[in-house]
Amino acid sequence: MSQHPDAIAAHGGQLVNRVATPAQREDFVSKAEFLPRVQLDERAVSDLEMIAIGGFSPLTGFMNQEDYDRVVSEMRLANGLVWSIPITLSVSEEVASSLQEGSLIRLDNPAGDYIGVLQLTQKYRYDKTREAINVYRTDDAKHPGVQVLYNQGAVNLAGDIWLLERSSHPLFPDYQIDPVASRQMFRDKGWKTIVGFQTRNPIHRAHEYIQKCALETVDGLFLHPLVGATKEDDIAADVRMRCYEILLEHYYPEDRVILAINPAAMRYAGPREAIFHALVRKNYGCTHFIVGRDHAGVGDYYGTYDAQYIFDEFEPGELGIVPMKFEHAFYCTRTKQMATTKTSPSRPEERVHLSGTKVREMLRRGELPPPEFSRPEVAAELARAMRVQVLA
């Protein structure tokens, strides 16, 4: 196929690259012992990586107070561009007091490895309760995103970052496809319309149904599971990836799906995170984004379709990516196929729904999810992984 330019621009117009050049890296490494250090947690490491590779374009670093305040209150950066989740680096008062604005800060991962640099431009305090209520719609400390927020430091550090080098993912190097690479893959395949799909769970029949409905109308599907930090009871990333591989091998057209990992961490911010996930996939080159039932939700904190309604708060051109909204899919025992209330004549008792929580409970009891919910090969893999976990 003939080459064509990217179907969609990065958010803000230009894809960010904050991976240090060899010369920059050499310079930063030579200063390592003289720089004050800040140790990042798992989420901050993911954020550093996503900023550096352009996944969080137009961000070039951790947010300053002006951007932070407007994102929390209005879902916009200081310049008016839509952005729904604060991307901040928080430290304790004690750590912050030892750092000087205008200086370079060495960023270490939890193991103490030197992985990045922050050009510290600003230190500022912030209101955690205000952020919780605005971003997560709750100040309940039991909410996993709010819990992380309440446990983090009281001072945010702002400034541009550099990632010292782009390392291969320890578990999924073959699926580590950064925005520059995904855009090139779309060009190579001649895809002009690409739908992105966010998941932190194994794909069940309802997911498969809405993905294939979307795939009927676009050139390709970008299956983009999140492999950053998640809740403790979420299914492990390596298990989920094996399930995706099994599913794609047996049930999807080989030439119309690309599987890649998303290094970001989950916030469980429901509606706001749906906007955030869409903008991230826009940066990877997607033109469309699937938004299903309770996207990025947890517990009962959000309404079933709140994550779809929030897209209506913006003009289409402001987001630059088309949301594809789907109702809750189920197996219809009357028509013997997957459906939604839009297409099924069934009564409620003729619909097979299973939540991820119920599936995990079944697996712990040694029961396989029914074929109406999960493809048998995927169910078998989940059961095998659950047995290994129990034995361990």
Side-chain angles (χ1 to χ4, degrees), residues 10-14 16 18 35-41 43-52 54-108 116-139 141 143 145-163 264-265 267 269 271-273 275-276 279-280 283 310 313-314 318:
H11 197 47
Q14 186 172 358
V16 167
R18 301 296 298 183
L35 298 179
R37 301 186 187 195
V38 168
Q39 189 166 56
L40 308 182
D41 60 18
R43 189 172 85 173
V45 170
S46 292
D47 288 347
L48 174 72
E49 182 178 354
M50 289 295 285
I51 294 168
F56 287 174
S57 298
L59 303 188
T60 55
F62 292 102
M63 287 181 177
N64 62 29
Q65 187 166 16
E66 190 178 7
D67 280 330
Y68 168 82
D69 284 339
R70 194 164 181 199
V71 166
V72 169
S73 61
E74 301 178 49
M75 291 189 287
R76 295 181 185 275
L77 297 171
N79 64 7
L81 194 67
V82 175
W83 195 268
S84 57
I85 296 288
I87 303 299
T88 56
L89 176 56
S90 304
V91 298
S92 67
E93 295 268 9
E94 182 182 7
V95 170
S97 66
S98 67
L99 305 175
Q100 287 203 322
E101 293 178 355
S103 63
L104 289 177
I105 309 298
R106 168 177 165 167
L107 303 177
D108 290 357
V117 172
L118 170 71
Q119 177 72 57
L120 181 61
T121 57
Q122 189 182 40
K123 302 183 291 185
Y124 61 95
R125 292 172 180 81
Y126 63 104
D127 186 333
K128 293 184 180 183
T129 302
R130 173 175 172 265
E131 180 177 334
I133 291 172
N134 283 23
V135 175
Y136 297 100
R137 301 190 178 184
T138 179
D139 59 359
H143 183 293
V146 174
Q147 188 176 76
V148 170
L149 170 62
Y150 286 174
N151 288 336
Q152 66 192 27
V155 179
N156 285 340
L157 307 180
D160 286 347
I161 60 89
W162 291 266
L163 183 68
R267 262 76 177 181
R272 281 214 185 202
E273 194 159 11
I275 296 290
F276 178 59
L279 297 178
V280 168
N283 286 330
I310 195 172
E313 298 179 22
F314 303 97
E318 292 187 297

Check whether D139 reaches the backbone of T129 with its side chain - one donor and one acceptor, N or O, closer than 3.5 Å. no
Please name all residues satisfying salt bridge (Lys or Arg N to Asp or Glu O under 4.0 Å) with R37, sequence neighbours left out, ordered by chain then number. E33, D108
In residues 58-66, what donor-acceptor pairs under 3.5 Å come from side-chain atoms, sequence neighbours left out?
residue	atom	partner	partner atom	Å
T60	OG1	D160	OD1	2.6
N64	OD1	E66	N	3.2
N64	OD1	D67	N	2.8

Show every side-chain hydrogen bond (donor to acceptor under 3.5 Å, both in side chains) that has at least one partner inside residues 73-83, sequence neighbours left out. R70-E74, R76-E318
How far apart are the closest heavy atoms of L48 and G116, and which atoms are they? CD2-CA, 4.4 Å
Output for pair (Q152 CD, L89 CG), nearest 0.5 Å, gives 9.5 Å
Please examine the side chains of I85 and V71, heavy atoms only from C-beta on, and report whether any two atoms are closer than 4.5 Å. no
Please enumerate all residues that pass salt bridge (Lys or Arg N to Asp or Glu O under 4.0 Å) together with D69, with sequence neighbours excluded. R130
Which pair of non-hydrogen atoms, one from G55 and one from N283, has the smallest distance, and what is that distance? O-ND2, 2.9 Å
With rounding to the nearest 0.5 angstrom, report the CE to CD1 distance, M75 to I275. 6.5 Å
Please list all pairs meeting salt bridge (Lys or Arg N to Asp or Glu O under 4.0 Å) that have one or both residues in residues 90-102, counting only residues at least two apart or in different chains. E93-R125
Restricting to pairs with a member in residues 148-158, which pass salt bridge (Lys or Arg N to Asp or Glu O under 4.0 Å), not counting sequence neighbours? none
Minimum heavy-atom distance P86-E131, with the two atoms named: CG-OE2, 3.9 Å
Measure the spacing between OG of S90 and CG of L40 and express it to the nearest 0.5 Å. 11.0 Å
Set of ring-ring contact (aromatic ring centres under 6.0 Å, His included) partners for Y68, sequence neighbours left out: Y124, Y126
Partners of R267 by side-chain hydrogen bond (donor to acceptor under 3.5 Å, both in side chains), sequence neighbours excluded? D47
Backbone of V82 reached by a side-chain donor or acceptor of H11 within 3.5 Å: yes
I want to check something: taking the side chain as every heavy atom from C-beta on, are N134 and R272 in contact at a cut-off of under 4.5 Å? yes
Those residues at least two apart in sequence (or on a different chain) that pass side-chain contact (heavy atoms from CB on, under 4.5 Å) with A52 are R18, V19, I161, L163
I need the L104 CG to L120 CG distance, nearest 0.5 Å. 9.5 Å
Qualifying residues under side-chain contact (heavy atoms from CB on, under 4.5 Å), relative to V95, sequence neighbours excluded: V38, V91, S92, L99
Determine whether a donor-acceptor pair (N or O, by modelled atom type, separation under 3.5 Å) exists between the side chain of Q122 and the backbone of L157. no
Sorted by chain and residue number, the salt bridge (Lys or Arg N to Asp or Glu O under 4.0 Å) partners of E273 (sequence neighbours excluded) come out as none
Within this structure, what is the CE-CD1 distance for the pair M50 and I87, rounded to the nearest 0.5 Å? 9.0 Å
